[in-house]
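Accompanying notes for the structure given below.
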Amino acid sequence: MGLARRIADLFRAKANKALDAAEDPRETLDYSYSRQLDLLTRVRRGVADVATSRKRVELQLAQVQGSADKLEGQARQALSQGAEDLAREALARRTAALGQADDLRSQLASLHDEEDRLTLASRRLEAKVDAFRTQKEVIKASYTAAEAQTRINESVSGISEEMGDVGMAVQRAQDRTAELQARAGALDELLASGALEDATRPAAQDELQARLDEAGAAGQVDRELERMKRELEAAPPAGEPRGREEPS
């Protein structure tokens, strides 16, 4: 199992190294930035669409309100001429127009709220995109500098490939050392607690120590029992109120 695990670790290390060599973080950052710009463009387009719909509803509301006002004037004119039927019809149309105007006002309020929400989201997203762009350029510059420095060091030392294997070997040695130290400490604790028998200790001495430990435990139990008896005798009977405590 140990050999298989080391082989798997070595395979993962080589695979990660191959992926790191094939992937350029600068290209990934540029791609992420372009995706964010596309999202920002869609949000702005949504704001523009909502604003266009709001403007259209405003125009419809103005037309309906103008029609209602005109119908009211026609009703007054018909009534002044004694044409009560025409006045009644004009007022009925005006009532329908006013109902339509109320519906348009409700739609207009919803569009205002949606436009405000999208505008706020667009501003926040724009701020995040600008911050990411600044961070992206800083990271790209740092990566380029580190890459150049690494290539210089590799060309000078010539041990870039060996250092990876050496580092893994050192890590394995450290892990193995820590494992052995932990195992030795655990065995020491078990021997000290008596869970494991020490072959170097005489059997009579182990038996004597066990009897001493048992006697000590029994004495501790007796002392605890006596303490609980004294507490029960000092406590007042159940249901009897305790005396008022004297102020300190």
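Between Gln135 and Lys140 there is no side-chain heavy-atom pair separated by less than 4.5 Å. Looking at Leu39 and Arg35, their side chains never come closer than 4.5 Å, going by heavy atoms from C-beta outward. Put simply, the side chain of Asp24 reaches to within 4.5 Å of the side chain of Tyr143, judged on heavy atoms. Here the side chains of Arg94 and Lys70 are not in contact, with every heavy-atom distance at 4.5 Å or above. Two residues are said to be in side-chain contact when any heavy atoms from C-beta on lie closer than 4.5 Å; Leu71 and Leu91 fail this criterion. Contact check for Arg105 versus Asp102: side-chain heavy atoms found under the 4.5 Å cut-off. Considering only heavy atoms from C-beta on, Leu40 comes within 4.5 Å of Ser122 through its side chain. Contact annotation: the side chain of Arg42 approaches that of Arg45 to within less than 4.5 Å [non-hydrogen atoms, C-beta and beyond].
Atoms CD and NZ, from Glu226 and Lys229 in turn, are 5.0 Å apart once rounded to the nearest 0.5 Å. Taken to the nearest 0.5 Å, the CD atom of Gln36 stands 10.0 Å off from the CG atom of Asp130. Distance check, rounded to the nearest 0.5 Å: CD of Gln74 to CG of Leu79 gives 13.5 Å. Within the model, atoms CG of Leu37 and OG of Ser32 stand 11.0 Å from one another, a figure rounded to the nearest 0.5 Å. If you take CZ on Arg54 and CG on Leu59, they are separated by 10.0 Å, rounding to the nearest 0.5 Å. With values rounded to the nearest 0.5 angstrom, Glu115 atom CD is found 11.0 Å from Asp49 atom CG.
Counting all heavy atoms, side chain and backbone alike, Leu98 lies closest to Ala68 at CD2-CB, 3.8 Å. For Val43 against Leu118, the heavy-atom pair with the smallest separation is CG1-O, 4.1 Å. Contact between Ala78 and Ala87 at its shortest, heavy atoms only, is CB-N, 3.6 Å. The two residues Leu111 and Val57 have their closest heavy-atom pair at CD1-CG2, 3.7 Å.
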- Between Arg227 and Arg223, does a side-chain contact (heavy atoms from CB on, under 4.5 Å) hold up when you go through it step by step? CA-CA 6 Å; Arg227 181 183 61 81; Arg223 288 191 294 272; over 6 Å; no
- Intermediate values then yes/no, side-chain contact (heavy atoms from CB on, under 4.5 Å), Gln181 and Thr177: CA-CA 6 Å; Gln181 290 175 348; Thr177 302; 3.6 Å; yes
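Atom CZ of Arg26 is surrounded by more than 12 heavy atoms from other residues, nucleotides or ligands within 6.0 Å. Summarising the local packing, CD of Glu137 is surrounded by more than 12 heavy atoms from other residues, nucleotides or ligands at distances under 6.0 Å.
Placement of Phe132 and Ile139 within a single hydrophobic cluster is found when ILVMFWY residues are connected by side-chain heavy-atom separations under 4.5 Å, directly or transitively.
Donor-acceptor pairing under 3.5 Å is lacking for the side chains of Asp103 and Gln107.
Salt bridge Arg172/Asp175: absent, no basic N to carboxylate O contact under 4.0 Å. Look at Arg123 and Glu126 and you find no salt bridge, because none of the NZ, NE, NH1 or NH2 atoms lies under 4.0 Å from a carboxylate O. Using a cutoff of 4.0 Å between basic side-chain nitrogens and carboxylate oxygens, Arg230 and Glu233 are not scored as salt-bridged.
For Ser67 (side chain) and Gln63 (main-chain N/O), no donor-acceptor pair under 3.5 Å exists by modelled atom type.
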